[in-house]
Amino acid sequence: MRSVTCSTPTNIAVIKYWGKDSVALNTPINSSVSVTLNQKQLKTVTSIVASPTFDADRIWLNGAEQDINNKRIQVVLQEMRRLATDKAVDADGKPIRKADWPSYKLHIVSINTFPTAAGLASSAAGYACLVAALIELFAAEEEYPGQFSAVARQGSGSACRSLDGGFVRWEKGTKADGSDSLAVQVADHKHWPELEAIICVVNDKEKDTSSTSGMMTSKDTSELLGFRAREVVDKRLRAIEAAYKAKDFATFGKITMMDSNQFHATCLDTYPPIFYMNEISRAIIHMVHKYNDSVGAVQAAYTFDAGPNAVIFVQKQHTAEVMGLLLHHFDKDASLEVRGDFDKKSAVAPA
Ligand code: PMV
């Protein structure tokens, strides 16, 4: 028997991935870049026990058994088994060689410390953590740099960006087999310690439109999506990577907000349209702009993935102020009211 446990944080894209080039390979129509969060709040913890006495591979997510034959889980398992080395040892210290693994079955138990499938990149942390745990289990080694991230990508696109900390670009790649569609670390987690993310859980229910089906309809129907991939993303990637390296929050924040808005504009441009944000999301956007206007600088920047929940980036010195504003305006039990220096607006209560 051999057992391993790993934990992996989620990542939040600031230049979004939306649209698949190949559905089979899970490659994107545009490159993207994200901030990997720390391990404190939004992470997946995965334990794997491997034993020759188990009858079959099995997998549980948040206590509920999942279909192990899911195509994406299977691709990840097969690829990682292929990258196993002879270096693993069992609980008694005896070697498990690559050739021994077919007689071992795996029990995989995974827990998210945050709402699943609610637009907080749970699949990113989930598949990255599955790959991280399998690397450990099989003592797996890459054949080329970034290969593990390319395996995680086949589970969930955004997962390829969670194997590294800091600021991570997912290169869309050019090869037909998808092998160069992988993650590259732009800056490590020590580079910008003042950067913090406030997570606003507006609604923790699973989204109605999964990212995969949303992307497919967008690709088929939205002209804005193609324009964005051709004309916008590369320019923004260059600018935001330079801003991140220079710790230029004003530029980083402005591009982050513009890209979130453009992603949601492509969702609206999709036919039939997809609405991931709700009234509270829009009130948060409004509040952040009013706050930035009132201080005369971009000090807070929102971004929303495929769900209504906001991630607000700030620098440490402004976290308390922005948190205070959020708590003031988004009282848990009351209907939402944006007051004070802000325009009056009301919306439904956060879940
Ligand atoms: O990796 P997926 O299939 O869950 O898609 C992620 C899509 C966004 O979160 C909206 C954007 C991104 O780049 O993470």
Side-chain angles (χ1 to χ4, degrees), residues 8-37 42 44 61 70-73 75-76 112 114-131 149-164 167-172 178 181-184 186 197 199 206-219 222 225 228-229 232-233 236-237 240 255-256 258-268 270 274-277 281 302-311:
T8 305
T10 191
N11 69 76
I12 303 295
V14 290
I15 301 295
K16 308 287 187 196
Y17 145 56
W18 197 251
K20 293 181 199 290
D21 188 26
S22 158
V23 176
L25 296 169
N26 220 18
T27 49
I29 58 168
N30 63 268
S31 299
S32 54
V33 72
S34 60
V35 177
T36 305
L37 301 186
L42 308 188
T44 299
L61 174 59
N70 173 296
K71 237 172 60 197
R72 298 194 174 181
I73 296 173
V75 174
V76 171
N112 289 334
F114 59 97
T116 299
L120 284 169
S122 55
S123 63
Y127 275 101
C129 200
L130 178 61
V131 169
S149 74
V151 176
R153 183 205 81 229
Q154 294 176 75
S156 167
S158 52
C160 72
R161 299 184 309 236
S162 261
L163 285 171
D164 287 317
F167 205 46
V168 180
R169 183 194 328 123
W170 171 14
E171 296 277 5
K172 84 181 169 76
S181 183
L182 46 74
V184 176
V186 177
I199 317 298
E206 283 199 20
K207 57 197 172 216
D208 303 328
T209 311
S210 73
S211 47
T212 298
S213 81
M215 282 184 210
M216 286 168 64
T217 328
S218 292
K219 201 178 161 205
S222 167
L225 185 72
R228 164 180 166 70
V232 182
V233 166
R236 281 191 183 161
L237 279 171
I240 204 165
I255 299 173
T256 295
M258 288 178 76
D259 205 70
S260 173
N261 295 340
Q262 189 174 74
F263 157 52
H264 290 278
T266 65
C267 290
L268 184 61
T270 297
I274 307 164
F275 305 103
Y276 284 125
M277 294 194 294
S281 320
Y302 55 78
T303 186
F304 297 80
D305 278 344
N309 301 313
V311 174

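Counting starts at 1 for both ligands and their atoms, following the listed order. Quick caveat, the model's predicted, so the values are computed rather than measured.
Contact atoms of ligand 1 toward Ala13: 12 (C), 13 (O), 14 (O) (distance under 4.0 Å to a heavy atom of the residue). Close contacts of ligand 1 with Met215, meaning ligand atoms under 4.0 Å from a residue heavy atom, involve 3 (O), 5 (O), 7 (C). Heavy-atom contacts of Gly157 reach the following atoms of ligand 1: 1 (O) (cutoff under 4.0 Å). Close approach of ligand 1 to Phe263 is summarised as follows: ligand atoms under 4.0 Å from at least one heavy atom of the residue are 10 (C). Here is the list of ligand 1 atoms found below 4.0 Å of a heavy atom in Ser123: 4 (O).
Not a single donor-acceptor pair under 3.5 Å links the side chain of Thr8 to the backbone N or O of Thr44. Side-chain atoms of Tyr127 never come within 3.5 Å of backbone atoms of Gly157 as a donor-acceptor pair (strictly under, hydrogens ignored).
Remark: Ser32 pairs with Arg161 by the side-chain hydrogen bond (donor to acceptor under 3.5 Å, both in side chains) rule, at least two apart or across chains. Evaluation of the salt bridge (charged side-chain N to carboxylate O under 4.0 Å, His left out) rule for Arg236 yields Asp259 as partners, not counting sequence neighbours.
Side chains of Asn261 and Tyr302: a donor on one and an acceptor on the other come within 3.5 Å.
Polar contact with ligand 1: present for Ser158 (N/O pair, distance under 3.5 Å). Residue Asn11 places no N or O, backbone or side chain, under 3.5 Å from any N or O of ligand 1.
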- Message: Show, in sequence, the C-alpha distance, side-chain angles and deciding distance for Thr212 and Arg72, and conclude whether the side chain to side chain donor-acceptor pair (under 3.5 Å) test is met.
- Response: CA-CA 12 Å; Thr212 298; Arg72 298 194 174 181; 3.3 Å; yes
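Considering each of Lys16, His264, Arg161, the one bringing a non-hydrogen atom nearest atom 14 (O) of ligand 1 is Arg161.
Look at Ser156 and you'll find a heavy atom under 4.0 Å from some atom of ligand 1.
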